[in-house]
Undergrad: 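Below you will find the structure I want to go over with you.
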Amino acid sequence: GPQHLKMILHWVPFAVLGAEDTAAADEGAVVVKICECIGNECGSGVFLPLFNGEHSWNDGLRAVLYFLGLLWCFMGVAIVSDVFMSAIETITSKERRIKVKVAETGDERVFRIRVWNDTVANLTLMA
């Protein structure tokens, strides 16, 4: 109902913009950013920070480590996509032979026809 919508609209800025952007709405509330600590209270996100003591690390070191983790994830996606594309190329390379009789001479000609459409296969990969 309306109460749930009001509660969702109150918490959406916390999730999207960060707690500091909605601090004015909460009188006297202590605002803790996800990447910072105020006293003994440290912010925490869904995945990051990964470790309890990570807030004490140098910000530059954390940025480099997060960037390397991001690159590692992209490499994983690239490897899976490469394997998938290789499988699609193997499947779409299948050909079928069709024999056609020439009416005038009576000779048979053999044509190779691809079974699968390359465009559909590539669209499947993109989906």
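None of these values were measured; they are calculated from a predicted model. Worth knowing before you read on, the calculation uses all heavy atoms, side chains too, and leaves out hydrogens, waters and symmetry mates.
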Undergrad: Give every donor-acceptor pair under 3.5 Å between a side-chain atom in residues 68-87 and any protein atom, sequence neighbours left out.
TA:
residue: Ser81; atom: OG; partner: Val77; partner atom: O; Å: 2.9

Undergrad: With clusters built from Ile, Leu, Val, Met, Phe, Trp and Tyr whose side-chain heavy atoms come within less than 4.5 Å, directly or transitively, what are the remaining members of the cluster of Ile91, listed by chain and number?
TA: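 Noted: Ile91 shares its cluster with Val115, Trp116.
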Undergrad: Taking only residues two or more places apart in sequence or in another chain, which ones pass side chain to side chain contact (heavy atoms under 4.5 Å, CB included) with Lys101?
TA: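 Residues passing side chain to side chain contact (heavy atoms under 4.5 Å, CB included) with Lys101: Glu108.
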Undergrad: Return the set of residues passing side chain to side chain contact (heavy atoms under 4.5 Å, CB included) with Thr105 (not counting sequence neighbours), or none when no residue passes.
TA: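 Applying side chain to side chain contact (heavy atoms under 4.5 Å, CB included) to Thr105 gives Val102, Asp107.
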Undergrad: So which residues get pulled into Val100's cluster when ILVMFWY side chains under 4.5 Å apart are joined, directly or through others?
TA: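 Direct or chained contacts put Val100 with Ile98, Phe111, Ile113.
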